[in-house]
There are 2 protein chains.
Amino acid sequence: MTRGRPIAFSPDEAATAAMQVFWARGYDAASTRDLLAAMHISRSSLYQAFGSKEQLFLEALRRYREALIGRLGRRLETVPTAMTFLEALFRETADEAGSERAALGCLIFNSATELGQRGDLPSHHARQSLAAITELFHLAVVQAQREGDIAQERDAEALATYLTMGMAGLRTLLKSGADIDQARQAVGLLLDTLRR
Amino acid sequence: MTRGRPIAFSPDEAATAAMQVFWARGYDAASTRDLLAAMHISRSSLYQAFGSKEQLFLEALRRYREALIGRLGRRLETVPTAMTFLEALFRETADEAGSERAALGCLIFNSATELGQRGDLPSHHARQSLAAITELFHLAVVQAQREGDIAQERDAEALATYLTMGMAGLRTLLKSGADIDQARQAVGLLLDTLRR
DNA sequence: CGATATATGGAACGATCGGTCCATATAGAG
DNA sequence: CTCTATATGGACCGATCGTTCCATATATCG
């Protein structure tokens with residue numbers, strides 16, 4: 001079937017490595033040389049397989065988003081109640097305070113803040129990814145309403161936006177070195193709003 | 001007294017112009033050429049007067065912080081109650097949704113997210129500036145407690161951190177194109193927490 | 001008037017950027 | 001085996017980065 005020399009690396013692993021570089025350094029600050037080193041491929045292979053730095057980023061962001069939303073979506077189905085899902089998610093994030101993981105943040109929030117105002121494809125995809133997070137929060141809120149943990153008459157869309165805002169703010173706090181007590185207290189107040 | 005050729009520009013105006021460039025483009029993305037064009041001075045004058053791009057940024061951030069904190073602090077003293085101050089601040093920010101002003105964001109939150117994880121001077125000053133915002137919120141919360149709008153037994157520090165988190169999240173929402181209704185609803189929920 | 005000290009404009013520097021190009025390697029097809 | 005098609009390594013490109021340097025302009029001091 002296929003002719004010519006076969007690929008000598010796993011595009012999957014390479015894309016994952018690229019994702020980690022974009023995650024740690026940001027879109028602009030991640031140089032193609034950084035990416036090549038992490039992906040363990042040559043410059044030719046990068047451009048052959050992914051086209052450009054921009055397209056590679058879109059692929060990396062897509063993978064991150066699908067992995068995150070997929071993982072959280074599955075967890076939402078597994079967990080006893082949607083309310084415990086939301087509580088655990090925010091509390092676990094708060095507990096990252098001070099760690100290297102906290103300094104990394106979330107690729108989606110990182111990208112939304114870095115690229116939010118540009119009009120290019122990366123900016124558009126970052127916004128869409130943020131919207132996907134809000135959608136997931138919306139699912140969780142609606143489920144919590146069904147389960148009786150959030151009053152039916154409350155606006156699920158507004159609560160979902162509020163949770164996205166809270167997570168974005170929490171990520172900012174963690175990135176600027178908030179300690180674990182500060183993060184936990186702020187998250188506690190955030191979650192109080194859900195029950196009212 | 002002084003010898004030699006006198007300066008031909010206002011360092012004050014030049015620093016203000018630089019601040020606006022850093023505000024709009026971010027620290028890394030603001031090139032010295034961008035800065036020179038906005039400041040209307042020559043490359044030599046920039047390095048003569050400010051030393052380096054890094055020092056110029058520190059000066060710009062300092063001016064922004066002092067102007068912001070000063071303005072808000074004065075407003076807090078002028079306004080009828082601290083609670084109305086907080087409400088007006090968040091509601092007015094939400095109402096920026098969709099505007100160019102919203103796309104700009106706040107230099108302090110922008111810098112905290114861009115530089116939060118680096119160990120250099122700009123990073124350190126960005127964190128300090130974020131802490132200054134939390135301090136202002138703390139002042140407002142304590143005053144609101146004195147004025148009877150927030151219960152005395154509530155943790156003023158935790159509420160201050162919560163407000164900083166909320167403003168950071170709101171800025172992120174605005175940067176990623178949230179519309180005015182979303183922003184207003186999220187802010188409404190945020191402010192509900194103050195009264196509980 | 002020099003003499004001196006600072007400011008300015010702009011050329012130039014080495015480093016790094018994303019991307020291209022080409023010679024070479026390596027597979028399958030006939 | 002030859003032919004063909006794709007992959008790879010790495011030199012190279014022009015653009016841009018922050019910064020330095022130097023000749024020149026412009027002020028004050030004696």
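Quick note on labels: first sequence line is chain A, next is B, and so on, each numbered from 1.
B/Ser99 pairs by the side chain to side chain donor-acceptor pair (under 3.5 Å) definition with nothing, not counting sequence neighbours.
Here the rule is side chain to side chain donor-acceptor pair (under 3.5 Å) with B/Gln143, and of B/Glu147, B/Arg146, B/Gln145 only B/Glu147 fits it.
When each of D/dC21, C/dG18, D/dT8 is scored by its nearest atom to the side-chain atoms of B/Ser44, the top-ranked nucleotide is D/dC21. Which of C/dA27, D/dG18, C/dG19 sits closest to the side chain of A/Lys53 comes down to C/dG19.
Here B/Ser45 lies in heavy-atom contact (under 4.0 Å) with sugar-phosphate atoms only.
With a 6.0 Å cutoff to the six-membered ring centre and a 45° limit on the axis angle, B/Lys53 does not count as a cation-pi contact of B/Tyr47.
Both B/Ala8 and A/Gly4 lie close to DNA chain C; mapped to their nearest nucleotides by heavy-atom distance, the more 5′-ward contact belongs to B/Ala8. The nearest heavy atom of DNA chain D to B/Pro6 and to B/Ser52 marks one nucleotide each, and the one closer to the 5' end goes with B/Ser52.
Checked by atom type and distance alone, the side chain of B/Arg65 never pairs as donor or acceptor with a backbone atom of B/Ala132 at under 3.5 Å.
Using a 4.0 Å cutoff on non-hydrogen atoms, the parts of residues 15-42 of chain A near DNA chain D are A/Ser42, ordered by number.
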Next on the checklist: Please evaluate residues A/Glu77 and A/Arg74 with respect to the criterion salt bridge (Lys or Arg N to Asp or Glu O under 4.0 Å), reporting the C-alpha separation (whole Å), side-chain torsions for both, the decisive distance (0.1 Å), and the verdict.
Outcome noted: CA-CA 5 Å; A/Glu77 291 172 359; A/Arg74 262 175 270 121; over 6 Å; no
List the steps and the verdict of salt bridge (Lys or Arg N to Asp or Glu O under 4.0 Å) for A/Arg25 and B/Glu114. CA-CA 10 Å; A/Arg25 315 257 285 115; B/Glu114 178 186 358; over 6 Å; no
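Between A/Phe90 and A/Phe137, the ring-plane angle classifies as parallel under the 30° and 60° cut-offs.
Annotated stems with DNA chain D as a participant read C:1-30 with D:1-30, given as range with range, by first number; only runs of 3 or more Watson-Crick or G-U pairs under 3.5 Å qualify.
The two residues B/Leu170 and B/Ala94 come nearest to each other via the heavy atoms CD2-N, 4.1 Å. The two atoms that bring A/Thr164 and A/Phe109 nearest to each other are O-CE2, 3.8 Å, heavy atoms only.
Scanning atom types as modelled, no donor and acceptor separated by under 3.5 angstrom connect the side chain of A/Arg5 and the base of C/dG28.
Distance A/Leu46 CG to C/dC21 P: 16 Å, rounded to the nearest Å. Between the OH atom of A/Tyr47 and the P atom of D/dC13 there is a distance of 17 Å, rounded to whole Å. One can place CD1 of B/Ile7 at 11 Å from C1' of C/dT8, the figure rounded to the nearest angstrom.
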